[in-house]
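One structure is given here, and the rest of the page talks about it.
Throughout, a chain's letter reflects where its sequence line sits, starting with A, and its residues are numbered from 1. All of these numbers come straight from a predicted model, not from anything done at the bench.
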Amino acid sequence: GQQLNQSPQSMFIQEGEDVSMNCTSSSIFNTWLWYKQDPGEGPVLLIALYKAGELTSNGRLTAQFGITRKDSFLNISASIPSDVGIYFCAGDPNTGNQFYFGTGTSLTVIP
Amino acid sequence: DSGVTQTPKHLITATGQRVTLRCSPRSGDLSVYWYQQSLDQGLQFLIQYYNGEERAKGNILERFSAQQFPDLHSELNLSSLELGDSALYFCASSVATGRAGTGELFFGEGSRLTVL
């Protein structure tokens, strides 16, 4: 199946700092999704991206669909303790809605 | 609340047994996906159904099978269970029309399977 490389694998940051993470693929994707998962719960959709170059915000979160269509980025500004969790990217290489997930970025926010 | 319902939330069983996990998609969503997540691992795609028909298969073992019923709910059957099958099993649904801009996956809260 498709390989999505997500980095960094984990992050430890101070409350109030900004966070950046990214996801890259070996092939072109038509859709990128970003999720947050709390322990023992299902992933929750944060942002959906459908066009190359698209920049979309959801509160303190901003995500971008890379111009090459092989990558996507998620930024979190002014982090707070409830941002703690695992962030996953997911991509669909075609409009058949078959999604592949990255390996996740574990975020820890130190108060 | 995503609108996707999974039952049971927790299941403990023994090796060699068979279990069935159930998923009800969001109202209006035609496509159901099953994912497996082992401890501290990512989400592994198992299988996708669209309006009752299998659309895509991922890394699903032959001991596992799934189906989607006319009312669009889906069941994942896991048989001859092994210790390594212990994991969280997630169902997700989407409209999945195949048109760009309609592909958003919404996940249920998962079924935690423990095989002893």
Kindly state each residue pair satisfying disulfide (SG to SG under 2.5 Å) with at least one member in residues 27-72 of chain A, sequence neighbours excluded.
-> none
Measure A:Gln6 against the heavy atoms of chain B and call it side chain, backbone, both or neither at under 4.5 Å.
-> neither
Listed by residue number, which members of residues 108-116 of chain B have a heavy atom under 4.5 Å from any heavy atom of chain A?
-> B:Gly108, B:Glu109, B:Arg112
Has the side chain of A:Ser7 got a donor or acceptor atom that lies under 3.5 Å from a matching backbone atom of A:Gln9?
-> no
Between B:Tyr33 and B:Ser94, which heavy-atom pair has the shortest distance, and what is it?
-> OH-OG, 3.3 Å
Is the distance between the ring centroids of B:Phe107 and B:Tyr35 under 6.0 Å?
-> yes
Considering residues, nucleotides and ligands other than A:Gln14, do more than 12 of their heavy atoms fall under 6.0 Å from its CD?
-> yes
Would A:Arg69 count as a cation-pi partner of A:Phe29, with NZ or CZ less than 6.0 Å from the six-membered ring centre and within 45° of the ring normal?
-> no
Please report the closest heavy-atom contact between B:Glu104 and A:Tyr50, naming both atoms and the distance.
-> CG-OH, 2.8 Å
Closest non-hydrogen atom pair, A:Ile67 against A:Ala52 = O-CB, 4.0 Å
Using the disulfide (SG to SG under 2.5 Å) rule, collect all pairs that involve residues 47-91 of chain A, keeping only residues at least two apart or in two chains.
-> A:Cys23-A:Cys89
State yes or no: are the ring centers of A:Tyr35 and A:Phe101 separated by less than 6.0 Å?
-> yes
Ordered numerically, the heavy-atom neighbours of chain A under 4.5 Å found in residues 13-22 of chain B are none
